[in-house]
Engineer: 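Structure below; questions to follow.
Just follow the structure's listing: the first ligand is 1, and inside any ligand the first atom is 1.
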Amino acid sequence: MEKALNLDLKKILIERKVIQKKVEIIGKEISSDFAGKKLIVIAILKGSVIFFADLIREITVPVEIEFLRISSYGSGAESSGKICLEQEIAVDVTGKNVLIVEDIVDSGNTLKFLLDYFAQKGAQSIRSCVLLDKPSRRVVDIKADYICFEVPDDFIVGYGLDYNQKYRNLPYLAILKKECYIKNDIQ
Ligand code: IMP
Ligand code: MG
């Protein structure tokens, strides 16, 4: 671990190799569930981008990729609950099989919003694949179809996940020290 980053991290939660192995397994599962079909895989920006890049290379059925940018967090560690659609997808998904790729399901508000959004757009099927699931924080009764890891109620960074736009480039998943976000959230 680089020293400057090390100071902000409580511990590494999931090592790079463990993530890779799990992404491989989930990719195989998706490929087998969608055998003979085509998929539009949607990366939810920015948090899912690293997971997404690894995952699509483990999927063996034909895929198209699209990007949708959404924000719910503002700049703190607590969800604002308000979801902003900042960049729409560029294609028509009517009658298509959509696979949403998200970084983490926390309250569930974002995933609920996304499922409604693609249903409204007329997708034929909508599935969701998430890197992390924090079930202890759920507000909306919702569960992703594919989940790589269940995590405790800590603030997680790395492998695409950020705090105030930092730490996305860590190759592993780590728990951010509480003092790193509490001091910023109380203003
Ligand atoms: P939800 O709408 O409350 O489920 O929040 C989902 C979004 O909040 C995710 O897409 C993340 O961007 C962000 N988020 C929730 N928990 C964490 C975390 O532990 N680390 C980094 N981002 C998080
Ligand atoms: Mg996100």
Side-chain angles (χ1 to χ4, degrees), residues 1 5-6 8-16 18-19 22-23 26 41-55 66-89 98-120 126-186:
M1 251 199 276
L5 291 172
N6 188 4
D8 295 348
L9 304 178
K10 187 173 163 197
K11 65 167 187 170
I12 294 185
L13 186 65
I14 308 169
E15 295 280 359
R16 186 179 197 168
V18 178
I19 303 173
K22 190 71 189 192
V23 171
I26 295 286
V41 191
I42 319 268
I44 309 305
L45 299 175
K46 302 175 198 171
S48 81
V49 77
I50 295 176
F51 172 45
F52 173 85
D54 285 345
L55 179 72
E66 284 296 329
F67 301 89
L68 188 127
R69 185 155 167 208
I70 207 166
S71 72
S72 63
Y73 250 61
S75 60
E78 278 295 317
S79 173
S80 62
K82 203 177 126 247
I83 292 155
C84 298
L85 186 56
E86 295 180 347
Q87 184 191 311
E88 288 249 16
I89 49 161
V98 165
L99 178 69
I100 298 164
V101 179
E102 240 302 45
D103 52 1
I104 183 165
V105 182
D106 188 32
S107 68
N109 285 319
T110 307
L111 187 57
K112 169 83 173 56
F113 173 91
L114 291 167
L115 294 175
D116 292 347
Y117 173 84
F118 285 107
Q120 256 178 31
I126 310 162
R127 297 284 180 275
S128 55
C129 177
V130 301
L131 176 66
L132 304 177
D133 187 17
K134 238 192 238 178
S136 57
R137 302 245 316 164
R138 205 68 97 250
V139 171
V140 183
D141 184 21
I142 206 163
K143 196 163 191 242
D145 299 289
Y146 305 95
I147 298 165
C148 291
F149 305 99
E150 197 172 290
V151 290
D153 184 10
D154 287 302
F155 201 81
I156 321 284
V157 294
Y159 196 66
L161 286 91
D162 75 308
Y163 174 68
N164 277 355
Q165 302 305 325
K166 271 174 77 184
Y167 315 106
R168 292 195 198 273
N169 57 327
L170 295 175
Y172 44 75
L173 287 155
I175 298 178
L176 188 64
K177 282 184 184 164
K178 272 210 170 73
E179 57 264 37
C180 289
Y181 54 89
I182 288 175
K183 69 171 185 274
N184 288 333
D185 285 350
I186 304 167

Engineer: Spell out, as yes or no, whether a donor-acceptor pair under 3.5 Å connects the side chain of Lys134 to the backbone of Asp154.
Structural biologist: yes
Engineer: Which atom names give the shortest non-hydrogen contact between Leu55 and Cys129, and what distance separates them?
Structural biologist: CD2-SG, 3.8 Å
Engineer: What part of Glu102, side chain, backbone, both or neither, has a heavy atom within less than 4.0 angstrom of ligand 1?
Structural biologist: side chain
Engineer: Do any N or O atoms from the side chain of Arg168 and from the backbone of Tyr159 form a donor-acceptor pair under 3.5 angstrom?
Structural biologist: no
Engineer: Just by distance, do the side chain of Ser48 and the backbone of Val101 share a donor-acceptor pair under 3.5 Å?
Structural biologist: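 Yes, Ser48 side chain to Val101 backbone: donor-acceptor pair under 3.5 Å.
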Engineer: Numbering the atoms of ligand 1 from 1, which are under 4.0 Å from a heavy atom of Asn109?
Structural biologist: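 Counting from 1, the qualifying ligand atoms are 2 (O), 4 (O).
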Engineer: Atom 19 (O) of ligand 1: which of Arg138, Lys46, Lys134 has the nearest heavy atom?
Structural biologist: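 Answer by nearest heavy atom: Lys134.
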Engineer: Hey, is Thr110 touching ligand 1 through its side chain, its backbone, both or neither, going by heavy atoms under 4.0 Å?
Structural biologist: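 Within the 4.0 Å criterion, Thr110 contacts ligand 1 through backbone and side-chain atoms alike.
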Engineer: Please confirm whether Ile104 comes under 4.0 Å of ligand 1, counting heavy atoms of the residue only.
Structural biologist: yes
Engineer: Relative to the ring of Tyr163, is the ring of Phe155 parallel (under 30°), tilted (30 to 60°) or perpendicular (over 60°)?
Structural biologist: perpendicular
Engineer: Number the atoms of ligand 1 from 1 as they appear, then name those within less than 4.0 Å of a heavy atom of Ser107, with their elements.
Structural biologist: 1 (P), 2 (O), 3 (O), 4 (O)
Engineer: Ligand 1 versus Leu111, non-hydrogen atoms closer than 4.0 Å: side chain, backbone, both, neither?
Structural biologist: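 Contact part for Leu111 vs ligand 1: neither.
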Engineer: Quick check on Gly47 - does any of its heavy atoms sit under 4.0 Å from an atom of ligand 1?
Structural biologist: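 Per 4.0 Å heavy-atom rule, Gly47 does not contact ligand 1.
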Engineer: Can you give me the closest heavy-atom contact between Ile126 and Phe118, atom names plus distance?
Structural biologist: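 Taking every non-hydrogen atom into account, CD1-C, 3.6 Å.
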Engineer: Any idea which heavy atoms bring Val130 and Val105 closest together, and the distance?
Structural biologist: CG1-CG2, 3.5 Å
Engineer: If we ignore hydrogens and angles and just use 3.5 Å, is the side chain of Asp133 paired with the main-chain N or O of Glu150 as donor and acceptor?
Structural biologist: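 Not confirmed, Asp133 side chain does not pair with Glu150 backbone.
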Engineer: Is it the case that ligand 1 has an N or O less than 3.5 angstrom from some N or O of Leu161?
Structural biologist: no
Engineer: For ligand 1, which atoms, with element, lie under 4.0 Å from some heavy atom of Ile156?
Structural biologist: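 Those atoms are 18 (C), 19 (O), 20 (N), 21 (C).
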Engineer: Would you say Asp154 contacts ligand 1, with heavy atoms under 4.0 Å as the rule?
Structural biologist: yes
Engineer: If you measure from each heavy atom of Asp162 to ligand 1, is any distance below 4.0 Å?
Structural biologist: yes
